[in-house]
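All values below were derived from every heavy atom in this structure, side-chain atoms included, with hydrogens, water molecules and symmetry-related copies excluded. Residue numbers start from 1 in every chain, and the chains themselves are labelled A, B, ... in the order their sequence lines are given, proteins ahead of strands. Just so we're clear, the structure is a prediction, and the values are computed from it rather than from any experiment.
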Number of protein chains: 2
Amino acid sequence: MGKIIIGKNGSKKEVITRKASSLFRKKGFTATSMRDIAEAIGVEAPSLYNHIESKNEILKDICFRIAKMFTDHLREVELCRKSNLEKIENIIRFHISMMIDEFESVYISDHEWKHLREPFLTDFTNQRRNYRSRLAAILQKGIDNKQINAVNPYVAVLIILSALSGIEGWQKSGKKIDAKLLEENMIKLLIEGLRNK
Amino acid sequence: MGKIIIGKNGSKKEVITRKASSLFRKKGFTATSMRDIAEAIGVEAPSLYNHIESKNEILKDICFRIAKMFTDHLREVELCRKSNLEKIENIIRFHISMMIDEFESVYISDHEWKHLREPFLTDFTNQRRNYRSRLAAILQKGIDNKQINAVNPYVAVLIILSALSGIEGWQKSGKKIDAKLLEENMIKLLIEGLRNK
DNA sequence: TTTCAAAACTAACACTTATTAGTTTTTTTA
DNA sequence: TAAAAAAACTAATAAGTGTTAGTTTTGAAA
């Protein structure tokens, strides 16, 4: 039938993962079959198994790669010398850039992680909880400083993260919103909501 | 094997829809089989077809019932005599109460609508677009009034709606956040972000 | 050009899917 | 209590699932 053509960037496994990501986002993980992925690449389904372990491994790779990027960035922010509000702003900007550069993967890691298998499911949800806790800790310090408005930090984290993950909806929306405009509006709304006046 | 036991509230179809909602939310629409639903009710899968048309009809009923509730409420708000910022606040409070009272259905209507079949898929996405446009129109009037901060109204709608839909994550989170506390924090953050100072 | 491994293929397996047909049981109505 | 209707059942269908086995093709190294 055909063969897997590798672009300049990466192995055949990465080609499969990228095509799969696109389908997982459009149709959902469960509704995407190995045959769908194979067809999109131009190959028969069993051929994929020369490069990957299982359909579930693809999902795992996507979710954990994204989780690592967020975790790594958070560690950097925690160590830098900036005010807590600036740290939050930095994190928000990073989320937005991730939504733009890694749209499909971030979407999947947000919406399809529940189809991970153990032990990865537990690992992943622990990482998420951990991420949220550390974000709440930054907010709490800002509140103690009086720099940040006295909101419940867990609620604020919830609001910020879900507001951010909603940018997903923007990409395909008819309204062409410029990325920079989006970012500045986002910062304005969320940071002004937090800032203590 | 058994039979469908109807509670005081509603037909057997409603019993099926309720059980299905719970499974659709936990496992996703595609990953939930008719046998899963039947087993949860205590009946064989083919028996369900005495009461429903198809698995897809269940999803359609869930999504359109919720869409109607949001649309009906929006119409009321549009007609009432209040400031535009108060209207937005009213809508935010309604979303929160919906998340609490109709958690499973709202979640599904947010996350599983893409599995709707035509013509319902098109109808549903049109309703969503329409809802967002009308929300943006309210914001625009508030901006013209100088009551609302000069943000891009489409971005603001995106942020508000996704922040709201993120409350889904709260229900099951370990942190037991009181509903009233959540609501007040949410209003504080979002409305203060919008208010022109 | 021969050799060898990587990567494609076809065929198939064992299972699950939503749904239909036809039949029996249960409940309601007369 | 007899008749009719509703709702359960079993059995089966046709299609689709992820994945494996075994074989052939392809491309690079010797």
B/Ile148 vs B/Lys141, side chain to side chain contact (heavy atoms under 4.5 Å, CB included): CA-CA, chis, key distance, verdict: CA-CA 8 Å; B/Ile148 293 179; B/Lys141 279 188 232 152; over 6 Å; no

Mutual orientation of the aromatic rings belonging to B/Phe70 and B/Tyr131 [parallel < 30°, tilted 30-60°, perpendicular > 60°]: perpendicular

For B/Ser33, all residues meeting side-chain hydrogen bond (donor to acceptor under 3.5 Å, both in side chains), sequence neighbours excluded: B/Asp36

Residues which pass side-chain hydrogen bond (donor to acceptor under 3.5 Å, both in side chains) with A/Thr125, listed by chain and number, not counting sequence neighbours: none

Starting from [atom2] on [N], measure out to [atom1] on [X] and report it in whole angstrom.
X	N	atom1	atom2	result
B/Ile16	D/dA6	CD1	C1'	13 Å
B/Glu44	C/dA18	CD	P	14 Å
A/Ile41	C/dC9	CD1	P	11 Å
B/Lys12	D/dA7	NZ	C1'	6 Å
B/Leu48	D/dT10	CG	P	14 Å

Bend angle of the helix from C/dT1-D/dA30 to C/dA30-D/dT1, end axes from five pairs each (to 10°): 10°

So, using salt bridge (Lys or Arg N to Asp or Glu O under 4.0 Å) as the criterion, who are the partners of [X] when residues are at least two apart?
X	result
B/Glu183	B/Arg93, B/Lys180
A/Arg75	A/Asp72
A/Glu57	A/Lys13
B/Glu76	none

Under 4.0 angstrom between B/His51 side-chain N/O and D/dA6 OP1 or OP2: no

Side-chain N,O (B/Ser47) to OP1/OP2 (D/dC9) below 4.0 Å: yes

Those residues that, when tested against B/His115, pass ring pair (Phe, Tyr, Trp, His ring centres under 6.0 Å) (two or more places apart): B/Phe29

Nucleotide-resolved protein contact map, nucleotides 13-19 of chain D, B/S/- at heavy-atom distance under 4.0 Å: ----BBB

Base of C/dA6 paired with side chain of A/Asn50 (donor-acceptor, under 3.5 Å): no

